[in-house]
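First the structure, in the form of structure tokens, and then the observations on it.
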Number of protein chains: 2
Amino acid sequence: MKLSNKTVERVCRVFGYLKVLEDKGIAFVSSLDLAKAIGATESTVRKDISILELTGFSRKGYDVMLLKKELGVKLQLNKKRKACIVGLGRLGTALLDYEKFQEDGFEIVAGFDASINKIERINTVIDVFAVDDLENVVAQRKIELGIIAVPAQAAQGIAYKLVKSGVKGVLNFSPVKLIVPKNVMYLDMDFTSALRSIAARMAVC
Amino acid sequence: MKLSNKTVERVCRVFGYLKVLEDKGIAFVSSLDLAKAIGATESTVRKDISILELTGFSRKGYDVMLLKKELGVKLQLNKKRKACIVGLGRLGTALLDYEKFQEDGFEIVAGFDASINKIERINTVIDVFAVDDLENVVAQRKIELGIIAVPAQAAQGIAYKLVKSGVKGVLNFSPVKLIVPKNVMYLDMDFTSALRSIAARMAVC
DNA sequence: TATATTTAGTGATTTTTTTCACTTAAAGCT
DNA sequence: AGCTTTAAGTGAAAAAAATCACTAAATATA
Ligand SMILES: NC(=O)c1ccc[n+]([C@@H]2O[C@H](COP(=O)([O-])OP(=O)(O)OC[C@H]3O[C@@H](n4cnc5c(N)ncnc54)[C@H](O)[C@@H]3O)[C@@H](O)[C@H]2O)c1
Ligand SMILES: NC(=O)c1ccc[n+]([C@@H]2O[C@H](COP(=O)([O-])OP(=O)(O)OC[C@H]3O[C@@H](n4cnc5c(N)ncnc54)[C@H](O)[C@@H]3O)[C@@H](O)[C@H]2O)c1
């Protein structure tokens with residue numbers, strides 16, 4: 001079972017949609033419905049699911065609860081993951097307060113910032129620390145995921161500290177590519193690049 | 001000159017890095033440096049640039065200012081684009097105040113929210129309106145880009161209104177896939193799916 | 001019960017994307 | 001001036017991804 005990143009990404013979106021269907025009480029879903037919901041084709045969805053060695057039911061589609069459970073097991077999406085947010089500015093505090101992360105199994109257990117002023121003024125139920133405590137807190141609390149929301153020039157340093165302290169996944173909101181070891185999973189959320197891609201496609205299409 | 005989305009995305013990231021290099025006063029850059037900065041290989045970078053019918057200089061690499069200018073022209077990344085943000089909650093207000101969008105040519109000229117209370121209390125230099133005014137304001141101000149930061153269940157409706165009012169590009173922060181006409185450029189920024197992808201790859205790698 | 005219909009499963013094929021491997025141009029060096 | 005080195009340019013090859021086209025299973029229908 002060799003999963004490409006693309007398959008992983010699609011299947012994660014399928015998982016999110018299955019949660020929606022489950023909440024709505026829908027029992028079965030076709031590959032075509034899943035495809036529409038995630039922006040893919042039905043054959044791609046079926047191939048993805050079959051790569052994961054999972055199956056549906058002829059003429060009925062996929063059992064929503066069952067598939068969600070099986071995907072959860074295969075990709076460990078049911079497992080709760082401890083995460084932290086570094087950089088508690090405009091974006092970082094928005095992320096800190098986003099309750100849905102908790103619902104989806106991402107427990108934000110710490111926030112860090114370089115500014116003591118800011119830390120004192122932040123109003124949140126989540127523990128916030130000075131960034132100097134990052135290594136200790138991440139190691140002690142066994143935090144697995146680091147979310148980086150510091151200015152670009154500070155991002156690589158934070159990534160390095162997070163990795164050194166045991167983090168195994170990094171989501172980076174700063175607009176620079178970071179270098180992390182190959183065994184650390186890493187994704188960028190670069191809003192400006194995204195806007196540029198849209199603008200460029202508006203220009204050339 | 002047929003550009004794939006992948007090429008567009010990479011080249012947009014190259015463009016961002018060229019700005020950094022320009023600010024640093026660096027005159028030439030190799031395909032390898034560019035590749036490292038955006039997380040690609042040197043041959044991919046060279047191919048991308050050559051697809052755009054642009055060239056560098058033997059043994060010197062690419063002229064930073066020149067390539068940036070040429071990319072700007074080809075993809076109209078120099079052109080200023082008017083944008084608006086719909087949904088002025090935690091995330092929307094963070095986006096509203098992000099000055100770097102302006103620097104990068106994305107002029108946020110309006111914000112919209114359904115809650116009059118919120119609109120009255122928001123402290124920003126940008127004009128904010130009730131969402132009922134969206135269609136008028138977007139059309140009148142010739143806004144080309146819509147940034148969606150409303151709750152999931154409201155997102156499709158907003159997308160529809162934006163498109164109807166003339167928007168040609170949509171950046172969606174809500175965790176659902178939206179349906180827009182094919183001639184409207186569209187991208188998702190789904191943080192939860194991103195975290196899931198990272199977690200899944202932590203599990204299977 | 002037989003037949004039609006729907007939808008998953010899948011090997012083959014096609015398309016897209018990336019990488020390789022070599023050529024060419026320019027600059028620096030002796 | 002000639003040799004060496006460096007880095008872009010590029011057609012060909014390889015790899016990856018997506019799609020097609022068909023099979024099979026299950027349900028509904030007549
Ligand atoms: N706000 C947005 O809408 C937006 C949009 C696109 C990109 N981004 C990116 O997201 C990141 C955060 O943006 P923001 O608007 O929240 O910025 P911000 O300036 O509001 O917040 C940054 C925070 O990081 C803290 N910080 C600085 N250096 C630090 C360090 N070494 N360790 C720990 N904390 C440190 C600062 O004290 C501050 O609180 C930036 O890289 C920005 O480019 C933000
Ligand atoms: N905050 C985060 O860190 C975060 C993380 C991941 C995803 N998101 C997504 O981004 C979106 C915004 O998140 P948020 O945390 O800012 O939410 P929020 O609840 O703080 O803000 C949503 C805003 O949208 C407004 N709104 C609701 N319906 C509207 C409508 N029909 N038209 C106009 N405005 C309307 C509300 O009044 C509110 O101000 C959501 O879809 C959320 O799932 C946010």
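These numbers come from a predicted model, not from an experiment. Lettering of chains follows the sequences in order, A, B, ..., and the numbering in each one begins at 1.
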Candidates [options] - which lies nearest the side chain of [X]:
| X | options | value |
| --- | --- | --- |
| B:S43 | C:dT19, D:dT27, C:dA8 | C:dT19 |
| A:K6 | D:dA8, D:dT19, D:dA18 | D:dA18 |
| A:Y62 | D:dA12, C:dA8, C:dA12 | C:dA8 |
| A:R59 | D:dG9, D:dT27, C:dT19 | D:dT27 |
| B:K60 | D:dA12, C:dA27, C:dG9 | C:dA27 |

In whole angstrom, give the distance that lies between atom [atom1] of [X] and atom [atom2] of [N].
| X | N | atom1 | atom2 | result |
| --- | --- | --- | --- | --- |
| A:L3 | D:dA17 | CG | P | 11 Å |
| A:R10 | D:dT19 | CZ | C1' | 12 Å |
| B:F57 | C:dG28 | CZ | P | 14 Å |
| B:F28 | D:dT6 | CZ | P | 18 Å |
| B:I51 | C:dT16 | CD1 | C1' | 11 Å |
| B:R46 | D:dG11 | CZ | P | 14 Å |
| A:E53 | C:dG9 | CD | P | 13 Å |
| A:E9 | D:dA16 | CD | C1' | 15 Å |

According to a strict under-4.0 Å criterion, is [X] in side-chain N/O contact with OP1 or OP2 of [N]?
| X | N | answer |
| --- | --- | --- |
| B:T41 | C:dT19 | yes |
| A:S50 | C:dA8 | no |
| A:T44 | D:dT19 | yes |
| A:S58 | C:dT7 | no |

Open item on the list: I'd like to know if A:K47 reaches the base of D:dT19 with its side chain, counting only an N/O donor and acceptor under 3.5 Å.
Closed with: yes
- [ ] Using heavy atoms to find the nearest nucleotide of DNA chain D for B:T55 and A:S4 separately, return the residue whose nucleotide is more 5′.
- [x] B:T55
Task: Contact check, side chains of A:F28 and A:D33, non-hydrogen atoms, under 4.5 Å - done: no
Open item on the list: Keeping B:D113 on the side-chain end and B:L88 on the backbone end, is there a donor-acceptor pair under 3.5 Å?
Closed with: yes
Task: Aromatic ring pairing B:F173/A:F191, orientation class (parallel under 30°, perpendicular over 60°, tilted between) - done: perpendicular
Open item on the list: Please compare B:N5 and A:L32 by the position of their nearest nucleotide in DNA chain C and report the one closer to 5'.
Closed with: A:L32
Open item on the list: A:I147 vs A:L145, test: side chain to side chain contact (heavy atoms under 4.5 Å, CB included). Steps then yes/no.
Closed with: CA-CA 7 Å; A:I147 298 171; A:L145 284 165; 5.5 Å; no
TODO: Please lay out, stage by stage, how A:L71 and A:K68 fare under the test side chain to side chain contact (heavy atoms under 4.5 Å, CB included).
DONE: CA-CA 5 Å; A:L71 287 180; A:K68 178 170 157 284; 5.9 Å; no
